There are 2 protein chains.
Amino acid sequence: MAVGAPQCEVAYNVDVRTLNAVTAEPVSRHERKERTRRALLDAALRLFAERGFGGVSLREVAKQAGIVPTAFYRHFASMEDLGVALVEESMRTLRGMIRSARNDPRTSAGMIRASVRTLAEHVRANEAHYWFLIRERYGGTGAVRQAIGIELRLFSRELAVDLARFEYLREWSTEDLNMMADLIVTAMLGTVLDLLEARQGDTEADARIVRTAEKRLRLITLGVPGWRTGQA
Amino acid sequence: MAVGAPQCEVAYNVDVRTLNAVTAEPVSRHERKERTRRALLDAALRLFAERGFGGVSLREVAKQAGIVPTAFYRHFASMEDLGVALVEESMRTLRGMIRSARNDPRTSAGMIRASVRTLAEHVRANEAHYWFLIRERYGGTGAVRQAIGIELRLFSRELAVDLARFEYLREWSTEDLNMMADLIVTAMLGTVLDLLEARQGDTEADARIVRTAEKRLRLITLGVPGWRTGQA
DNA sequence: CTATTGAGTGTACGGGTGTGCACTGAATGG
DNA sequence: CCATTCAGTGCACACCCGTACACTCAATAG
């Protein structure tokens with residue numbers, strides 16, 4: 001993490017075998033296992049970005065990670081298990097994003113700009129994680145979709161707490177704050193998808209998407225002063 | 001189809017063979033083929049609702065429809081081809097929904113209520129279609145996700161045209177209208193997912209979801225009078 | 001130093017996959 | 001009435017899937 005480079009998109013064709021062969025000797029068993037685990041997670045994330053969770057087999061993940069299929073079970077009970085682990089990891093990066101946005105000390109319109117920009121940068125730096133979240137949020141079938149749903153709801157609730165600190169929102173009911181937070185999260189996930197679908201490097205498209213995202217947020221916040229909590 | 005029953009959820013265990021065997025003779029070749037095609041689409045839609053597009057094999061669809069796997073190719077070149085056909089069909093029911101909502105002649109707050117209610121009823125009456133759209137909108141991998149993306153964008157543009165008729169929105173730029181329409185569509189798709197995930201028959205949950213959806217829309221529309229097109 | 005542990009290996013299995021091919025037999029058109 | 005068309009059949013193939021099982025052999029623990 002000391003380096004500013006993206007952490008998951010690297011090492012495309014390096015599997016554990018070569019990795020462990022290249023490195024110097026002093027590696028404990030724990031460490032070796034942890035490395036393989038990471039290799040599995042990275043391989044899975046990479047493959048999911050191409051074909052989605054459902055389209056990737058245990059064998060493929062194992063092969064990409066540089067181990068034999070049956071060794072997969074030393075780390076995860078099943079692909080679903082691995083999927084859930086990835087959900088937690090991805091949500092961690094999402095929380096990291098909002099923490100960055102939160103710590104940027106600005107207000108009102110300036111804050112919207114800063115937040116959207118932070119989001120966009122974060123998406124570009126962690127494309128695979130965001131692809132995974134977006135895809136499986138709706139497309140998944142089992143435990144993975146469920147896990148994402150739960151985590152995202154939690155995330156939205158945290159955002160509601162943040163919102164409650166703003167002047168106009170201080171007296172809103174919890175229900176209304178949650179509603180607004182959900183709306184914001186949903187809108188921002190839409191923006192994430194737009195960013196992911198625009199091909200990376202197309203700065204013009206990125207700028208347009210960011211501008212639209214800002215407008216969305218501004219429109220939502222414009223409604224706030226006129227809102228009467230508890231109405232209808 | 002003369003009966004008023006839902007059209008896709010029925011006939012769970014009836015395949016083409018038995019259907020064609022039961023019915024009286026006067027069936028042309030065209031008609032028989034069309035029936036089998038429908039059986040394939042219905043079977044696919046049914047299976048997709050359970051395991052998603054990616055999780056269903058050509059063989060399964062064929063078996064559920066009552067034909068042998070290789071006969072599938074008499075109707076579709078591939079599963080993707082069938083998927084795209086299903087996208088068009090599902091979008092047709094979505095357009096049907098908005099047409100119903102549009103023809104309900106009310107204004108302002110009353111219109112929001114009516115629209116959301118129409119949406120909820122429509123979702124309940126066509127769960128499989130909506131499951132398919134929502135799932136593959138994000139989760140899909142190939143031509144299907146792309147087709148949904150295109151159709152949904154088109155749909156959103158139509159909504160923008162509708163919006164332009166409203167008093168406060170008459171002077172908005174096209175870009176801003178599209179932005180608002182996208183926001184509304186995204187928010188409503190979120191509502192659709194909420195409805196689909198609430199188990200059918202839970203009228204209390206349905207009511208809560210509908211209320212939240214109305215609030216979302218109301219918050220968005222509240223911002224409209226304060227909006228200055230072309231700003232920032 | 002010796003015994004144990006456990007990550008990773010290799011083989012083998014039963015089952016599901018898409019699809020090519022030669023076919024049947026009833027509706028169709030001349 | 002006969003020839004053609006073509007939706008649907010049945011078999012075969014080569015491939016990928018998850019996973020059970022017995023194994024190796026280096027890092028660890030006593």
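Order of the sequence lines sets the chain letters (A, B, ...), proteins ahead of strands, with each chain counted from 1. From a predicted model like this one, the values you see are computed outputs, not experimental measurements.
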Checklist line | Residue pair B:R124 / B:Q200, side-chain donor-acceptor N/O under 3.5 Å | finding: no
Next item on the list: Rounded to the nearest angstrom, tell me the gap between atom NZ in A:K63 and atom C1' in C:dG10.
Entry: 15 Å
Notebook entry, point to check: How close do A:A65 and A:L40 get, heavy atom to heavy atom, and via which atoms?
Noted result: CB-CD2, 3.6 Å
Next item on the list: Go through residues 69-78 of chain A and report each residue with a non-hydrogen atom lying under 4.0 Å from DNA chain C, sorted by number.
Entry: A:T70, A:A71, A:R74, A:H75
Note to self: Between the side chains of B:E31 and B:R35, is the shortest nitrogen-to-carboxylate-oxygen separation below 4.0 Å, so that they form an ion pair?
What the structure shows: yes
Next item on the list: Would you confirm whether B:D202, through its side chain, and B:A205, through its main-chain N or O, come within 3.5 Å as a donor-acceptor pair?
Entry: yes
Margin query: Within the supplied structure, the quantity of interest is the number of heavy atoms (other residues, nucleotides, ligands) at a distance under 6.0 Å from A:E60 CD; does it exceed 12?
Written below: yes
Side-chain donor-acceptor pairs under 3.5 Å in residues 181-194 of chain A, sequence neighbours left out?
{"from": "A:D182", "atom 1": "OD1", "to": "A:S156", "atom 2": "OG", "distance (Å)": "2.5"}
{"from": "A:T186", "atom 1": "OG1", "to": "A:D182", "atom 2": "O", "distance (Å)": "2.8"}
{"from": "A:T191", "atom 1": "OG1", "to": "A:A187", "atom 2": "O", "distance (Å)": "3.3"}
{"from": "A:T191", "atom 1": "OG1", "to": "A:R216", "atom 2": "NH1", "distance (Å)": "3.3"}

Item checked: Integer-rounded Å distance: C:dA7 P and A:I67 CD1 -> 11 Å
Item checked: Value in whole Å for how far the P atom of C:dG16 lies from CZ of A:R59 -> 16 Å
Notebook entry, point to check: Between D:dG8 atom P and B:R37 atom CZ, what is the distance in whole Å?
Noted result: 13 Å
Check: Between A:S57 and D:dC16, does any side-chain N or O lie under 4.0 Å from OP1 or OP2?
Finding: no
Which atom pairs link the protein and nucleotides 28-30 of chain C when you take only N or O atoms and keep those under 3.5 Å?
{"from": "C:dT28", "atom 1": "OP1", "to": "B:R29", "atom 2": "N", "distance (Å)": "3.1"}

Item checked: Salt-bridge criterion met for B:E197 and A:R145 (N-O under 4.0 Å) -> yes
Check: Roughly how many Å is it from CD in B:Q64 to C1' in D:dG8, rounded to a whole number?
Finding: 18 Å
Item checked: A:D42 and A:R38 ion-paired at < 4.0 Å -> yes
Item checked: Closest listed nucleotide, where the reference is the side chain of A:V68 and the choices are D:dG18, C:dT17, C:dT9 -> C:dT9
Check: B:K33 has an atom NZ; how far is it from atom P of C:dA27, in whole Å?
Finding: 17 Å
Note to self: Using only atom types and a distance under 3.5 Å, with no angle test, would you say the side chain of B:D81 pairs donor to acceptor with the backbone of B:A77?
What the structure shows: yes
